[in-house]
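Shown next, in structure tokens, is the structure this report addresses.
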Amino acid sequence: MSAEAYGVWNKKASFTAPVYEKTPEQSARIIKCLEPSFLFQALDKAEMQTVILAFKEKVCQSGDRIIEQGADGNSMFLIEDGTFDCIIKFKNTGEEKVVKSCKQGDVFGELALLYNCPRAASVQATSTSTVWELDRDTFSNVVKEAASNKRNKYTDFLKKVNVLSNMADYEIMSVADAAKVEEFTEKDSVVIKQGDPGDRFFILLEGECEARKVFVPGSEAQKVMSYKVGDYFGELALLNNDNRGASVYTTSPTCKLLYMDRKSFGRLCGNLEDILRREAKRYETSASSNS
Ligand code: CMP
Ligand code: CMP
């Protein structure tokens with residue numbers, strides 16, 4: 001057999017996802033539930049549609065164990081309605097412990113598919129529940145592939161970002177998974193507006209930006225900082241639970257930013273807090289040196 005037969009192109013061409021028709025309301029609900037999960041954020045519209053159609057409805061009664069710890073995993077689940085407990089049995093004592101309770105909109109059973117390992121926990125319905133089940137093939141061919149493409153695409157870039165230089169490789173990968181892209185196609189677009197509430201931390205991926213600050217209400221904003229590829233901004237509102245301390249504008253015709261929301265920032269960049277706070281001291285002198 002030729003080497004080509006094993007190629008990615010052939011693998012992709014031979015895969016056909018199952019189709020379970022959905023009403024527009026069901027599709028909208030599934031999209032809403034999947035949106036917060038990093039795994040599904042890398043999907044384009046067509047891929048998302050394939051995934052939505054591939055989800056199969058399953059009804060469970062309270063007490064049903066739909067995942068057994070240690071078993072092979074052939075699907076993952078999204079809760080449409082109801083509640084589940086994730087339970088781990090400890091080898092030494094045989095004791096079972098609920099490690100997580102899941103509710104509507106939560107996803108479970110993804111680990112075995114992501115990492116090709118046995119089920120890490122059992123999952124049991126704690127009420128009459130409806131779940132959407134996604135098969136391993138669709139997950140691997142569509143979701144996992146898009147997620148790992150995104151991971152690979154941004155990991156190399158993030159490794160070169162100065163402020164992240166103390167992060168371990170797996171932490172950088174988690175940042176790549178969680179990051180989203182915002183794109184601007186006009187110079188002088190507002191990325192951040194001084195005084196607004198803010199919940200995004202930005203890293204400049206392509207292009208240039210600058211921060212401008214109004215020091216005395218009513219007076220003109222002064223340029224306080226310029227940003228190039230690999231620089232970050234927008235950390236202060238998150239660190240201090242404060243409104244935005246300056247405005248940030250794009251200064252190149254096109255500009256691409258990676259950003260994390262407050263939740264991901266807290267979870268993934270918590271240990272950067274000291275560095276970020278130390279670095280923030282530069283703002284105290286930046287106005288006089290740039291104006
Ligand atoms: P998976 O290992 O495929 O099957 C069991 C699922 O339980 C697992 O994926 C996760 O989705 C979920 N789970 C929730 N909490 C935990 C935990 N602490 N350890 C392992 N799995 C967990
Ligand atoms: P944040 O206050 O969240 O939003 C505006 C961002 O501009 C701020 O975080 C900093 O990252 C950045 N910035 C640059 N210079 C200053 C400055 N002198 N004062 C406040 N923020 C500044």
Side-chain angles (χ1 to χ4, degrees), residues 37-39 65-79 83-90 96-103 106-125 131 133-136 139-140 143-144 163 190-204 209-216 221-227 231-250 257 259-262 265 269 272-273 275-291:
S37 163
F38 81 82
L39 279 170
R65 269 201 181 189
I66 62 169
I67 287 183
E68 197 67 51
Q69 184 177 345
D72 288 340
N74 288 316
S75 53
M76 57 154 291
F77 301 86
L78 164 66
I79 305 175
T83 47
F84 289 81
D85 277 348
C86 302
I87 302 160
I88 290 190
K89 187 172 190 166
F90 294 94
E96 289 200 326
K97 194 176 165 214
V98 175
V99 287
K100 190 179 174 198
S101 295
C102 301
K103 57 179 191 323
D106 287 341
V107 158
F108 59 84
E110 78 294 2
L111 293 182
L113 308 190
L114 258 184
Y115 303 111
N116 279 323
C117 54
R119 294 296 196 189
S122 297
V123 183
Q124 182 167 325
V131 287
E133 180 172 12
L134 185 69
D135 64 287
R136 177 188 272 273
F139 182 87
S140 301
V143 182
K144 195 168 159 180
V163 73
V190 185
V191 183
I192 284 179
K193 193 155 168 260
Q194 184 173 350
D196 277 359
D199 58 5
R200 289 178 178 182
F201 170 70
F202 294 91
I203 298 175
L204 189 50
C209 290
E210 74 180 33
R212 298 173 203 159
K213 186 173 171 81
V214 174
F215 286 90
V216 180
Q222 296 180 37
K223 175 179 163 184
V224 283
M225 196 76 63
S226 311
Y227 299 109
D231 289 342
Y232 68 88
F233 55 82
E235 78 292 9
L236 288 185
L238 306 192
L239 289 175
N240 301 333
N241 252 324
D242 203 352
N243 289 338
R244 295 299 195 184
S247 295
V248 178
Y249 293 84
T250 61
L257 297 154
Y259 71 87
M260 267 183 280
D261 58 23
R262 182 182 289 273
F265 179 76
C269 300
L272 293 183
E273 193 172 329
I275 303 176
L276 292 172
R277 284 193 190 284
R278 209 166 49 235
E279 288 289 317
K281 295 235 161 38
R282 67 196 161 136
Y283 303 141
E284 289 161 17
T285 53
S286 57
S288 48
S289 57
N290 276 292
S291 56

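Each ligand, and each atom within it, is numbered from 1 in the order the structure gives.
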Nitrogen or oxygen of M225 less than 3.5 angstrom from that of ligand 2: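 N/O-N/O distance under 3.5 Å: no.
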Below 3.5 angstrom, do we get any N/O pair linking F233 and ligand 2?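 No, there is no polar N/O contact under 3.5 Å.
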Side-chain contact, heavy-atom cut-off 4.5 Å: [X] with [Y]?
| X | Y | answer |
| --- | --- | --- |
| V107 | L39 | no |
| I67 | F77 | yes |
| L114 | F139 | yes |
| F201 | L272 | no |
| Y232 | E279 | yes |
| D199 | L238 | yes |
| R65 | I87 | yes |
| F84 | D106 | no |

Could you list the atoms of ligand 2 found under 4.0 angstrom from a heavy atom of [X]?
| X | answer |
| --- | --- |
| R244 | 1 (P), 2 (O), 3 (O), 4 (O) |
| K213 | 17 (C), 18 (N), 19 (N) |
| A211 | 14 (C) |
| A237 | 1 (P), 2 (O), 3 (O) |

For Y249, enumerate each residue passing the ring-ring contact (aromatic ring centres under 6.0 Å, His included) test, keeping only those at least two apart in sequence or located in another chain.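 Y249 satisfies ring-ring contact (aromatic ring centres under 6.0 Å, His included) with no other residue.
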Do any heavy atoms of G198 fall under 4.0 Å from ligand 2?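 Contact absent.
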Tell me, yes or no, whether the heavy-atom count around N116 atom CG, taken from other residues, nucleotides or ligands under 6.0 Å, exceeds 12.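 Result for CG/N116: enclosed.
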Select one of side chain, backbone, both or neither to describe which atoms of [X] lie under 4.0 Å from any atom of ligand 2, heavy atoms only.
| X | result |
| --- | --- |
| E235 | both |
| A246 | both |
| F215 | neither |

Collect the protein residues that have a non-hydrogen atom under 4.0 Å from ligand 1 and hand them over in chain and number order.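 Its neighbours under 4.0 Å (heavy atoms only) are I67, C86, I88, V99, K100, F108, G109, E110, L111, A112, R119, A120, A121, V123, given by chain and number.
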Distance check, rounded to the nearest 0.5 Å: D85 atom CG versus K97 atom NZ?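 So the gap between those two atoms works out to 12.5 Å.
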